[in-house]
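A short worksheet on the structure shown next.
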Amino acid sequence: MKIYKYFFLSMAFLSVQAFAQEQEQEKPETKTGHTNNNKFKQLYDEFSTPNMFRTASGAPGPSYYQQQADYKMDITLDDDKATISGFETITYHNNSPDELTYLWVQLDQNMRAKDSKTPLIEGSGVAPAQQPSGFVSTYMKEPFDGGFNIMEVKEAGGKALQHTINRTMMRVELPKPLKSGEKFSFSIKWWYNINNHVDGRGRSGYEYFEKDDNRAYVIAQFYPRMAVYNDVEGWQNSQFWGRDEFALPFGDFEVNITVPADHILDGTGELVNRKDVFTKEMMNRYEKAKKSYDEPVIIVTQAEAEAAEKNKSIKTKTWKLHAKNVRDFAFTTSRKYIWDMMAVNIGGKDIMAVSLYPKEGNPLWEDWSTKAVASTLKSYSRMTFDYPYHKAISVHAKNQGMEYPMICWNYGRPDENGNYSDRTKYGMMSVIIHEVGHNFFPMIVNSDERQWTWMDEGLNTFTQYVAEQDFGKWYPDALSEGDETYPSRRGPAAKIIPYMGGNQDFIAPIMTKGLNTYQFGSNAYSKPATALNILRTTIMGEELFDYAYRTYAQRWMFKHPTPEDFFRTMEDASAVDLDWFWRGWFYTTDWVDIGVKDVKKYYVSSEPNKYVKDIVAQRGMKISDLPPLVYMVEEGSEDYKESLKNGSAVENSSTLKEYLMDNFTADERKNIKEPKYFYSITFEKPGGLVMPIIVEYTYSDGTSKTETYPAQIWRYNDKEVSKSVASDKEIVKITVDPNLETADIDTSNNSWPKEVQQSDFDKFKNQVRD
Ligand SMILES: [Zn+2]
């Protein structure tokens, strides 16, 4: 009998529900004019098809290959003339299945050639006011005579090779086609004038110190470098315009660098003739540094550096550096350098954390640079893989923030009296963490920077955020008074709001080539970093995210990943559906804005409400055809007023339970909860991004509970959704995104009852939108 009744009840419910659902699905068109515009559509059209090179799981496929370029170079730096010359032999290994008839070599220095087209792509009118130095360099100065002078290109036997230079790219004709599995050796002889990087904003060059008439060199992109050839781009020979960085194959380097004898030099690779270039004193200090895990040991003191500044040697010295499996080579050299080092243990292996800086960097640099390097290696190794190289160097160079394998240039200089602001200090620490972090992305997880800035800058800036927070924890002395945690500039959700909520005319999707984006820093650094931070803390949770992120890093360390390899791996290793997330955050310029629009309170009634009466009338049925039903009556409605009159509304749950009792077995009854309050809560989404709805319910007894409705709640209606909530306590307040973790650009609609408030952002927004 009970079963029959229950069955009948369900049947009747089904028909009523089916009708309700039909209505629900019509709602979007009729009510708001919006259906879901495919925000949950899978990313098949945007992604390349998986193949034997790259699998659908996001891992390298069985036919994955990569080319290798090995270099042997003899380099001479002439400090008097500020020139650099080199003779290099490249051995190129064709590991691709393809036959190659020519090779592409990158001549990045040509961006500084007199006839460079880089200045010509910048549209600009006459600046209404300019600093004298800027005016002179714009209108009154001969352009700098930079760029490679290619003296010869020869094959191993000494025969000249035909070559064609197209701006920053050089095509070298092969004497005969290079078959799959073969290698080809050739040599290039070159020289160029070194630029002043402080004037010309170069990634490489020298800084001139007028007071002591010395230069500090940070030298990179200084030799003709092989371009990448792969399964995705063929030859990656997109020109270097100055912004989009580099795509480089891995290889082994043997480099001899000749500089003035009193210079201190360090660079990519292992120093193989330490005994020739170190004094006995330096050797002893170095041995100590290898066993010092807490404090750096000074290898060259400030007093020694200052003495060298005054007595310039006319002799030369050759430093020999060997590196295995690196994608690039860079070095720094100056007689001004102070040098310190300490050991850091990563996964049972000792790595050297190293800093080089002129006295102008002190006292900031001797205090914090090497510790920041060591801390970064620990954090990044935890998030990705154990740092595989034997050292990581931070070099102080004015206005620089630039990365190379094992070495990077970083800004952050105190004033002449050694004083510095918090801004300078945190700027210096952050840039070191960032640039050392680049060892992982893109030096080891070797993505194509020319094509996808976010793959190195975005991933790196995200990991930098994690590393900065670690640094603040591990070195509380580094924090300024009043700071409890490290004040990260990029990563926290709130920081991206002004950009994502800004003028759409000046925003491009993350999946845009860097050269062509407005607000480059926000687009390629901050937004992907914030997206990944939100993905980690709000969408996936740290455990699932970190496992997937590590999987990506480990799958692609010492390889060349594409965006799809990243997107696919993050899903593959976590079982979290993320197509909607990549689509919204990476392929569009939509922003987050979710609010609570309306809250209705309901009571249970035994009397048919208007809704059911209407259905019954429409279908030609009678109320008596229906089994007993539980009717919901909205507070304040006509039904409600009626139910108050006839006493049918059930506010008391014991009555509710009694009322329902007939329909359930004794066993089932035990498991029935007794909610007293019923609500229909409507959430609205003025923002284009689909995101989970994080809701904090506050109850009349002062307690609260947070509920997260997955992003998929928006799949049928992109503008608004309603949720029924039954509660045994009265809800007095509802707050969407209570911890401000989703980058919601407008929080004025985030509470019920509505709070009259104007946040800083609202004020800001009103200003910029006006
Ligand atoms: Zn960077």
Side-chain angles (χ1 to χ4, degrees), residues 108 197 201-204 218 220-221 240-248 268 326-328 330 332 369 372-373 375-377 379-380 383-384 387 389 392-412 426-469 471 486 488-491 495-496 499 510-515 517 519-533 549 552-553 556 560-561 563 566:
D108 312 84
H197 71 74
R201 290 173 146 246
R203 285 181 170 79
S204 149
V218 285
Q221 299 97 40
F240 178 49
W241 289 93
R243 182 192 267 182
D244 295 337
E245 293 183 323
F246 312 105
L248 296 155
T268 308
V326 288
R327 59 165 248 173
D328 201 0
T332 187
S369 175
V373 174
S375 179
T376 305
L377 294 178
S379 298
Y380 274 71
M383 291 296 286
T384 58
Y387 183 67
Y389 297 134
I393 310 164
S394 158
V395 181
H396 176 42
K398 193 174 185 179
N399 301 344
Q400 286 282 352
M402 195 53 213
E403 71 277 11
Y404 304 97
M406 305 181 210
I407 189 166
C408 54
W409 330 140
N410 302 302
Y411 56 78
Y426 284 131
M428 171 256 196
M429 290 168 174
S430 285
V431 74
I432 293 173
I433 294 169
H434 180 96
E435 306 306 342
V436 171
H438 269 309
N439 274 295
F440 296 80
F441 309 100
M443 296 306 151
I444 295 165
V445 180
N446 188 353
S447 57
D448 179 347
E449 300 175 274
R450 185 67 43 92
Q451 195 68 30
W452 305 114
T453 308
W454 71 266
M455 286 196 77
D456 68 303
E457 297 301 354
L459 267 57
N460 185 42
T461 305
F462 158 71
T463 322
Q464 173 196 348
Y465 170 68
V466 176
E468 283 175 352
Q469 296 307 307
F471 183 66
Y486 191 94
S488 291
R489 191 162 68 93
R490 287 166 164 159
K495 304 270 185 189
I496 201 64
Y499 169 70
I510 293 172
M511 288 291 288
T512 308
K513 189 175 157 72
L515 182 69
T517 56
Q519 306 190 73
F520 185 59
S522 298
N523 176 283
Y525 294 64
S526 314
K527 188 181 166 188
T530 309
L532 294 177
N533 195 27
Y549 196 65
Y552 166 73
W556 292 97
H560 300 279
F566 176 69

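Whatever order the structure lists them in is the order used to number ligands and atoms, beginning at 1. In what follows, every heavy atom counts, from backbone to side chain, and hydrogens, waters and symmetry copies are set aside. Numbering starts at 1 and runs along the sequence shown.
Look at Glu245 and Arg203 and you find a salt bridge, because one of the NZ, NE, NH1 or NH2 atoms lies within 4.0 Å of a carboxylate O, short of that distance.
Of the possible polar contacts, one joining the Thr517 side chain to the Gly514 backbone as a donor-acceptor pair under 3.5 Å is found. Panel note: side chain Thr268, backbone Ala330; a donor-acceptor pair is recorded below 3.5 Å. When atom types are taken as modelled, the side chain of Gln400 and the backbone of Gly202 share a donor-acceptor pair closer than 3.5 angstrom.
With waters neither drawn nor counted, the protein N/O/S atoms under 2.8 Å from the Zn ion (ligand 1) amount to 4.
The ring-ring contact (aromatic ring centres under 6.0 Å, His included) check on Tyr465 picks up nothing, with sequence neighbours excluded.
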Worksheet item: side chain to side chain contact (heavy atoms under 4.5 Å, CB included) between Met383 and Tyr549: does it pass, once the steps are laid out?
Response: CA-CA 7 Å; Met383 291 296 286; Tyr549 196 65; 4.2 Å; yes
